[in-house]
There are 2 protein chains.
Amino acid sequence: MSVSEIAPNRNGVDVPTLFATLDAVRAQPELARFRFRSDHRWVSGTYNRGSINGFYGAGQDHVRDRTTVVEADHPTVLVGKDHAPTPAELLLNALGACLMSGLANIAAARGIDLDEVTATVEGDIDLRGILGLDDGVRNGYEGIRVVFHVKGDAEAERLAGVVEQSRRRSAVYDVVTTGVPVSVSVAVA
Amino acid sequence: MSVSEIAPNRNGVDVPTLFATLDAVRAQPELARFRFRSDHRWVSGTYNRGSINGFYGAGQDHVRDRTTVVEADHPTVLVGKDHAPTPAELLLNALGACLMSGLANIAAARGIDLDEVTATVEGDIDLRGILGLDDGVRNGYEGIRVVFHVKGDAEAERLAGVVEQSRRRSAVYDVVTTGVPVSVSVAVA
């Protein structure tokens, strides 16, 4: 596809800048090194507060104008106070968000206008794992299902292809399906 | 530890109810079957909105009084509008929240009063993976580090033991380190 064929703003995506960014990273791969971060503070019981702001990437530190606070708690049926969603739900949210975030870029690059995209992420979990009641039951989800509904100016097969490509390039999908090394340590005060 | 030795409310945890809940699930394991859910809607470009409310668990459907909205976007350096954190940051948030949520229950069960707990979760990622610029680079994080600071009425080793037990019983830590099967499908409209 030549540059003249690319709509400058399709699906809210600045397509020329997107391609220019890809070229810049291709020429200078160290721009692709990012370090993301989330800070947490315990409040009471299962209730706690996460804050997201700064990150490192494209060769420099970035500080946003505002900090996003995401709280977590357990529901009353799990002896929490239900002030906020459970961390297990926040994990599903991160997965759905990642699959959604790539979609419009891919559709724009393929010349597809999107009208409406929704998705539902569901996960089944047997809490005997985290409750320590059965060592044969894992702590995490047994399985997660994501179902998309996509409306756009392309036939069903091409719209499904956009979702499939988003899955193939999703950071969170990769981590959630494959796993990643995590170190947990306690700093001495 | 006999029931008479258990403080009824330590660290904001209703300890007798916590133990009663464990007994109830032990007697009726099907109460432990939960299905969590997150709903998503594309807004524009990389910007999208997730909603968390209802879940199934302990034998019934639960609907909360309010829906929690968690938005996601890409930063401008990644050709987004930076309306919200990236999904990759939301994943770190879910992990930190899960390790935090279990902590006070474990401390309470061990008779430890917590004063202050904070944690930082950091992840390193090479975006050449999701940008499709190098097939040898994975889409997800290369590694994630969690560092806790814990203050409480116990020696450092016992406080570290609370964090370690929270890690051993964390649903999100399990998924993020080990992976889980995820199906992604597109429903025909």
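Proteins get letters first, then strands, A, B, ... in listed order; numbering begins at 1 in each. The structure displayed is predicted, hence computed values, not measured ones.
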Answer with side chain, backbone, both or neither: which region of [X] has an atom nearer than 4.5 Å to a non-hydrogen atom of chain A?
| X | result |
| --- | --- |
| B:L99 | side chain |
| B:T21 | side chain |
| B:V163 | side chain |
| B:R66 | side chain |
| B:D82 | side chain |
| B:L159 | neither |
| B:L18 | both |
| B:V146 | both |

Under 4.5 Å heavy-atom distance to chain B, tell me which part of [X] shows up: side chain, backbone, both or neither.
| X | value |
| --- | --- |
| A:L114 | both |
| A:N53 | backbone |
| A:I52 | side chain |
| A:L92 | both |
| A:D126 | both |
| A:E71 | neither |
| A:D115 | backbone |
| A:Y56 | neither |
| A:N48 | side chain |
| A:L78 | side chain |
| A:T86 | both |

Please identify, among [options], the residue contributing the most non-hydrogen atom pairs under 4.5 Å to chain A.
| options | value |
| --- | --- |
| B:A94, B:A32, B:G12, B:A171 | B:A32 |
| B:L31, B:T177, B:D39, B:L95 | B:T177 |
| B:S101, B:A104, B:G140, B:A20 | B:S101 |
| B:G50, B:A58, B:G96 | B:G96 |
| B:P85, B:S51, B:G57 | B:P85 |
| B:L133, B:V137, B:D73, B:D134 | B:L133 |

Co-membership, hydrophobic cluster, residues A:V70 and B:V176, 4.5 Å side-chain: no

Shared ILVMFWY cluster between A:V121 and A:V162, side chains joined below 4.5 angstrom?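 A:V121 and A:V162: one cluster.
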
Pairwise distance [atom1]([X]) to [atom2]([Y]) - rounded to 0.5 angstrom:
| X | Y | atom1 | atom2 | result |
| --- | --- | --- | --- | --- |
| B:W42 | A:M100 | CH2 | CE | 9.5 Å |
| A:H40 | B:L103 | NE2 | CG | 12.5 Å |
| B:T118 | A:R41 | OG1 | CZ | 6.0 Å |
| B:S185 | A:R167 | OG | CZ | 11.5 Å |
| B:H83 | A:T68 | NE2 | OG1 | 12.0 Å |

When you compare the side chain of [Y] with that of [X], does any pair of heavy atoms fall below 4.5 Å?
| X | Y | answer |
| --- | --- | --- |
| B:E30 | A:R128 | no |
| B:L127 | A:R33 | no |
| B:S38 | A:E89 | no |
| A:T120 | B:R37 | yes |
| B:D174 | A:Y141 | no |
| B:V186 | A:E164 | no |
| A:V184 | B:F148 | yes |
| A:V77 | B:H62 | yes |

Residue selection (most heavy-atom pairs with chain B, distance under 4.5 Å) from [options]:
| options | answer |
| --- | --- |
| A:R138, A:H74, A:R26 | A:R138 |
| A:A119, A:S44, A:A72, A:C98 | A:A119 |
| A:V180, A:L91, A:V175 | A:V180 |

For A:R168, I'd like to know if atom CZ has over 12 heavy atoms of other residues, nucleotides or ligands within 6.0 Å. no

Minimum heavy-atom distance A:V147-B:A187, with the two atoms named: CG1-CB, 4.0 Å

Minimum heavy-atom separation for A:A97 and B:L90, please, with both atom names.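 Scanning both residues completely, I find the closest heavy atoms to be CB-CD1, 4.3 Å.
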
In the hydrophobic clustering that connects Ile, Leu, Val, Met, Phe, Trp and Tyr at side-chain heavy-atom distances below 4.5 Å, which members other than B:V43 occupy its cluster, ordered by chain and number? B:Y47

Under 3.5 Å side-chain donor-acceptor pair for A:N139 and B:S170: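 The answer is no; no qualifying pair exists.
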
Which of these passes side chain to side chain contact (heavy atoms under 4.5 Å, CB included) with A:N105: B:T46, B:V79, B:L131?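 Only one of B:T46, B:V79, B:L131 forms a side chain to side chain contact (heavy atoms under 4.5 Å, CB included) with A:N105, namely B:T46.
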
Taking salt bridge (Lys or Arg N to Asp or Glu O under 4.0 Å) as the test, write out the residues that go with B:D61, two or more places apart. none

